[in-house]
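Report on the structure given below.
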There are 2 protein chains.
Amino acid sequence: MSKTAPTDELFLHFEKYIPLSNTLKKELADRIVFKSFKKGEIIHDANTICTKSYFIQNGLMRTYFIKDGKEITEYFSAENEWVNSPRSFMQQQLDIYYIDTLEPTDCFCLNVKDLVFLFDNFPEMERYARLSMGTVFGHYMDRITSMRFTTAKEKYNHFCETYSAIYHRVPLGMVSSYLGIAQETLSRIRAEK
Amino acid sequence: MSKTAPTDELFLHFEKYIPLSNTLKKELADRIVFKSFKKGEIIHDANTICTKSYFIQNGLMRTYFIKDGKEITEYFSAENEWVNSPRSFMQQQLDIYYIDTLEPTDCFCLNVKDLVFLFDNFPEMERYARLSMGTVFGHYMDRITSMRFTTAKEKYNHFCETYSAIYHRVPLGMVSSYLGIAQETLSRIRAEK
DNA sequence: GTGATTTTTTGACCCAGGTCAAAAATCAGG
DNA sequence: CCTGATTTTTGACCTGGGTCAAAAAATCAC
């Protein structure tokens, strides 16, 4: 029997940042919809405004954009993470990012309208968003530092550490564009050990 | 006569994200302290936990860290921006960043305890923090893209555009470490026009 | 103003990693 | 289990920008 309602994982994720009242749990459960995707489905298209956010229960997604006709990975998202096109979802405007699945993926889907309702009626949801965004923000700071001052090999090693759960599940070309190095370079780096 | 209370600029900054009630304005005014720094003062030291956030009225600050004995600029902050050591301030833990002034700087200072009070009593402050963080987050996404796929010259041009108000007020060495390129390279780029 | 210190520029040299091309390996659909 | 498509590897070559060193210019302190 497959799960079709918010699971412990999702509630636990919230509770890393805020306590969840039963009222809020119920409101969340009423609004969050289980959704299953096959491998290779496009979850969000850059030509539309992003209205949904997905919390991954299991599987793997990629956020990417097109540059000179090539797909450039912005980041990968796996179990227990929210995925959306950040600026598009938060500001309800167009942005450059596409999102697709790299594996069959089960997730919980929250509509922006429902999220706004929750923000308006549960101040702790605002706090949750603020705090969880702080966590992601910190990762971005680290990534910028890593981009500036490391060799290609160090970038790859760092990637393997921070993405230890998924680095072997992702095609090499997607990793190289994520790291901002040539695919051939990454192939050579991987060969030499 | 110098200003010693929150000015319109600061309230206007808040009002870009949330409406300010008179009650909240008063609470803010009671907690925000005017502070003036000379050029070259260290505003925050990496060996301490960051407990203060500064809203710059005029002047210029630099957030940096030490790598192999050299100062690496994380970013510059100018008029109408909040400055603190983000992770240290938000999570009340140690982080690697120092902050100093590159010019005489006037700012408004808000203590983390007072901010927590405001968060606890004014849900709209949580919303403000969430939304304004979203703006900064977007800039970080752009910066990562810029780090990955641009030449040194493009990085510098992009810097001049996004930091148009301040790029000529900052020593070259601090810019080069911000961009992650050698100072000599930046000097040559600047020479060729 | 003047000497000391810091910052910027210039020159010479070199290598990490990019590009282009083609072979090898892997994958996916019938 | 074949076959065409995609992905990865390997080779040859080249260049952007790094490093080191020293001169020139700007800034500071007294």
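The model shown is predicted, which means the values in this text are computed figures rather than measured ones. Residue numbers begin at 1 in each chain, while the letters A, B, ... track the order of the sequences.
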May I have the step-by-step check of side chain to side chain contact (heavy atoms under 4.5 Å, CB included) for B/Leu179 and B/Tyr156, ending in yes or no?
CA-CA 7 Å; B/Leu179 295 175; B/Tyr156 180 65; 4.2 Å; yes

Roughly how many Å is it from [atom1] in [X] to [atom2] in [N], rounded to a whole number?
| X | N | atom1 | atom2 | value |
| --- | --- | --- | --- | --- |
| A/Glu103 | C/dA28 | CD | C1' | 17 Å |
| A/Leu186 | C/dA16 | CG | P | 17 Å |
| A/Lys38 | C/dG29 | NZ | C1' | 15 Å |

Apply the hydrophobic cluster definition, ILVMFWY joined by side-chain contacts under 4.5 Å directly or through others, and give me every member besides A/Leu94.
A/Ile49

Whichever hydrophobic residues join B/Met147 through chains of side-chain contacts under 4.5 Å
A/Met147

What are the residues of residues 59-77 of chain A, sorted by number, that bring a heavy atom to within less than 4.0 Å of DNA chain D?
none

Tell me every residue that passes side chain to side chain donor-acceptor pair (under 3.5 Å) with B/Tyr163, counting only those two or more places apart in sequence or in another chain.
none

Can you name the residues that form a side chain to side chain donor-acceptor pair (under 3.5 Å) with B/Arg169, not counting sequence neighbours?
B/Glu79, B/Glu103

Going by the angle between their ring planes, with limits at 30° and 60°, are A/Tyr97 and A/Phe65 parallel, tilted or perpendicular?
perpendicular

Can you name the salt bridge (charged side-chain N to carboxylate O under 4.0 Å, His left out) partners of B/Arg62, sequence neighbours left out?
B/Glu71, B/Asp100

Which residues satisfy the salt bridge (charged side-chain N to carboxylate O under 4.0 Å, His left out) test with A/Arg31, sequence neighbours excluded?
A/Glu27, A/Asp114

Show me the pairs that pass salt bridge (charged side-chain N to carboxylate O under 4.0 Å, His left out) and involve residues 124-142 of chain B, at least two apart or across chains.
A/Arg87-B/Asp142, A/Asp120-B/Arg127, A/Glu126-B/Arg127, A/Glu126-B/Arg130, A/Arg127-B/Glu126, A/Arg130-B/Glu126

Between the two ends of the helix from C/dG1-D/dC30 to C/dG30-D/dC1, what is the bend in degrees, rounded to 10 degrees, where each end axis spans five pairs?
70°

Looking at A/Thr185, I'd like to know whether one of its side-chain N or O atoms comes within less than 4.0 Å of OP1 or OP2 on C/dG18.
yes

Respond yes when some side-chain nitrogen or oxygen of A/Lys155 is under 4.0 Å from OP1 or OP2 of C/dG17, and no when none is.
no

Within the structure provided, determine whether A/Asn157 and A/Ile189 are in side-chain contact (heavy-atom separation under 4.5 Å).
no

With a 4.0 angstrom cut-off to heavy atoms of chain A, pull out the first and last contacting nucleotide of DNA chain D, in 5'-to-3' order.
D/dT8 to D/dA12

With sequence neighbours excluded, give me every side-chain hydrogen bond (donor to acceptor under 3.5 Å, both in side chains) pair touching residues 173-182 of chain A.
A/Thr73-A/Ser177

What's the verdict on side chain to side chain contact (heavy atoms under 4.5 Å, CB included) for A/Leu24 and A/Phe14, showing C-alpha distance, side-chain angles and the deciding distance?
CA-CA 11 Å; A/Leu24 177 50; A/Phe14 280 111; over 6 Å; no

Kindly state which residues belonging to residues 167-184 of chain B come within less than 4.0 angstrom of DNA chain C, counting heavy atoms of the residue only, listed by number.
B/Pro171, B/Leu172, B/Gly173, B/Gln183, B/Glu184

Can a side-chain donor-acceptor contact be found between B/Tyr128 and B/His13 if the only test is distance below 3.5 angstrom?
yes

